[in-house]
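Just below is one structure, and these are the notes that go with it.
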Amino acid sequence: MSTQTMTDKLFTIRYKCDDVSHLAIKDEAVCARCAGKNCNSFCPAEVYSWDEAAKVNHVAYENCVECGTCRIACASDNVAWVYPKGGYGISYRFG
């Protein structure tokens, strides 16, 4: 029996990307003041990445697995999250 890594498991999903993000940072100033930048570590798909030079959080919504962790785990409630519109988003192969 083989053990799959998270990356291996993420490779098994399909995603139809919309032109419009279903994720957004509500206020970049809140992210700049955030000491922990936890969103950069709690997302299993590594959607969020902090750009220290620009002092902004980049959101790679194309990688999102729609788990909802970001909207729950951001202590400042600074992530706007909605389901992608119909026909777009994630499609799991194995349920």
Side-chain angles (χ1 to χ4, degrees):
M1 179 181 207
S2 67
T3 303
Q4 288 187 323
T5 65
M6 179 60 77
T7 304
D8 293 335
K9 291 178 182 180
L10 290 172
F11 186 69
T12 66
I13 60 174
R14 293 184 185 167
Y15 194 88
K16 184 174 181 186
C17 189
D18 194 356
D19 293 337
V20 179
S21 176
H22 65 286
L23 303 169
I25 301 298
K26 295 176 186 176
D27 184 355
E28 288 292 349
V30 171
C31 291
R33 290 189 305 268
C34 178
K37 309 279 187 282
N38 294 331
C39 62
N40 294 291
S41 59
F42 59 58
C43 176
E46 299 179 0
V47 168
Y48 302 92
S49 62
W50 179 251
D51 182 338
E52 186 61 38
K55 302 289 188 212
V56 296
N57 227 336
H58 292 288
V59 181
Y61 72 96
E62 303 89 347
N63 297 341
C64 181
V65 294
E66 300 169 27
C67 67
T69 301
C70 57
R71 67 181 170 171
I72 296 168
C74 178
S76 301
D77 190 31
N78 198 35
V79 176
W81 189 102
V82 296
Y83 285 105
K85 67 183 179 186
Y88 292 93
I90 197 154
S91 174
Y92 292 98
R93 269 194 199 156
F94 302 111

_Residue pair Ser76 / Val30: nearest heavy atoms and the distance that separates them_ = CB-CG1, 3.5 Å
Throw together a table of side-chain donor-acceptor distances under 3.5 angstrom for residues 39-46, partners on residues two or more places apart or in other chains.
residue: Asn40; atom: OD1; partner: Ser49; partner atom: N; Å: 3.1
residue: Asn40; atom: OD1; partner: Trp50; partner atom: N; Å: 3.0
residue: Asn40; atom: ND2; partner: Lys37; partner atom: O; Å: 3.3
residue: Ser41; atom: OG; partner: Asn38; partner atom: O; Å: 3.1

Please list, one pair per line, the donor and acceptor atoms closer than 3.5 Å that link side chains of residues 78-85 to other protein atoms, with sequence neighbours excluded.
residue: Asn78; atom: OD1; partner: Asp27; partner atom: N; Å: 3.0
residue: Asn78; atom: ND2; partner: Asp27; partner atom: O; Å: 2.9

*Taking all non-hydrogen atoms of both residues, which atom of Glu28 and which atom of Lys55 are closest, and how far apart?*
OE1-O, 4.3 Å
*Identify, with sequence neighbours excluded, every residue that meets side chain to side chain contact (heavy atoms under 4.5 Å, CB included) alongside Ala54.*
Asp51, Val56
*Supply the atom-to-atom distance Leu23 CG to Asn63 CG, rounded to the nearest 0.5 angstrom.*
10.0 Å
